[in-house]
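Below you'll find the structure, written out as structure tokens, and then a few comments.
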Amino acid sequence: QVQLAESGGGLVQPGGSLRLSCAASGSIRLSVMGWYRQAPGKQRELVATITSYGKTNYAGSVKGRFTISRDNAKRTVILQMNSLRPEDTGVYYCAQGISSWGRGTQVTVFS
């Protein structure tokens, strides 16, 4: 089973940017990769996904602000987050399909 490790979270003011990275221990070439987030007291929700051939899908709340990308050769998936809002606060998880998950990275947006 592929191991996933997220990085790049942190504290940022509203309007700021963060770049999350997900590093995989094995091949992700044929996999749908995704980013999910979980805010305190809420269920985990989809943020963005990207198919093996690069088709992307975004939650309505992040469309136009977040960009998901992948580099199969480097086995990484990136989530570029711009124009961050306090409601973007949460733990962000990388996933390979629905079978492998990372441990998450905390993103906090505050004034």
Legend entry - Any donor-acceptor pair under 3.5 Å from Thr89 side chain to Val109 backbone: yes
Legend entry - Leu18/Val107 under side chain to side chain contact (heavy atoms under 4.5 Å, CB included): CA gap, chis, key distance, verdict: CA-CA 9 Å; Leu18 284 174; Val107 171; 3.8 Å; yes
Inset, instruction - Over all heavy atoms of both residues, which pair between Gly102 and Tyr93 is shortest? Give the atoms and the distance, please. - result: O-CD2, 3.5 Å
Inset, instruction - For residues Leu84 and Val12, report the shortest heavy-atom separation together with the two atoms involved. - result: CD1-CG1, 3.6 Å
Inset, instruction - For residues Ala95 and Tyr36, report the shortest heavy-atom separation together with the two atoms involved. - result: CB-CE1, 3.8 Å
Inset, instruction - Please report the C-alpha distance between Arg103 and Val91 in whole Å, then the side-chain angles of each, then the deciding distance to 0.1 Å, and finally whether the side chain to side chain contact (heavy atoms under 4.5 Å, CB included) criterion is met. - result: CA-CA 9 Å; Arg103 292 187 175 186; Val91 179; over 6 Å; no
Inset, instruction - Nearest 0.5 Å please: distance from the CH2 atom of Trp101 over to the CG atom of Leu4. - result: 10.0 Å
Inset, instruction - If you link ILVMFWY side chains whenever their heavy atoms are less than 4.5 Å apart, which other residues fall into the same cluster as Leu30? By chain and number, please. - result: none
Legend entry - Val77 vs Gln96 side-chain heavy atoms within contact, under 4.5 Å: no
Legend entry - Distance, nearest 0.5 Å, that separates OG of Ser21 from CG of Leu79: 10.5 Å
Legend entry - Side-chain H-bond candidate by donor/acceptor type, Thr76 with Asp71, under 3.5 Å: no
Inset, instruction - Start with the C-alpha gap between Met33 and Cys94, add the side-chain angles, then the distance that decides, and say whether side chain to side chain contact (heavy atoms under 4.5 Å, CB included) holds. - result: CA-CA 7 Å; Met33 301 299 296; Cys94 178; 4.1 Å; yes
Give every donor-acceptor pair under 3.5 Å between a side-chain atom in residues 42-50 and any protein atom, sequence neighbours left out.
unit_1	atom_1	unit_2	atom_2	d
Glu45	OE2	Arg37	NE	2.7
Glu45	OE2	Arg37	NH2	3.3

Legend entry - Backbone N/O of Gly9 and side chain of Arg19: donor-acceptor pair under 3.5 Å: no
Inset, instruction - Could you walk me through whether Ser17 and Gln80 pass side chain to side chain contact (heavy atoms under 4.5 Å, CB included), step by step? - result: CA-CA 8 Å; Ser17 298; Gln80 177 66 44; 4.1 Å; yes
Inset, instruction - Kindly give the heavy-atom pair with the smallest separation between Thr108 and Gln106, and that separation in Å. - result: OG1-NE2, 3.3 Å
Inset, instruction - Please round to the nearest 0.5 Å and tell me the distance separating atom CD1 of Ile78 and atom CG of Leu20. - result: 8.5 Å
Inset, instruction - For Arg70 and Arg75, indicate whether the former's side chain and the latter's backbone hold a donor-acceptor pair under 3.5 Å. - result: no
Legend entry - Test item: Gln1 side-chain N/O and Ser99 main-chain N/O as donor-acceptor pair under 3.5 Å: yes
Legend entry - ring-ring contact (aromatic ring centres under 6.0 Å, His included) partners of Tyr58, counting only residues at least two apart: none
Inset, instruction - Quick one: sort the Phe66 and Tyr92 rings into parallel, tilted or perpendicular, breaks at 30° and 60°. - result: tilted
Inset, instruction - Hey, could you give me the CZ/OG distance between Arg85 and Ser83, rounded to the nearest 0.5 Å? - result: 7.5 Å
Inset, instruction - Write out all pairs satisfying side chain to side chain donor-acceptor pair (under 3.5 Å) with one or both partners inside residues 4-14, taking only residues at least two apart or from two chains. - result: none
Inset, instruction - Would you name the heavy atoms of Ser52 and Arg29 that are closest together and state the gap between them? - result: CB-O, 3.3 Å
Legend entry - Pairwise distance CD1(Ile68) to SG(Cys22) - rounded to 0.5 angstrom: 9.0 Å
Inset, instruction - Please name all residues satisfying side chain to side chain donor-acceptor pair (under 3.5 Å) with Glu87, sequence neighbours left out, ordered by chain then number. - result: none
Inset, instruction - Report the residues that fulfil side-chain contact (heavy atoms from CB on, under 4.5 Å) with Ser25, sequence neighbours left out, ordered by chain and then residue number. - result: Val2, Gln3
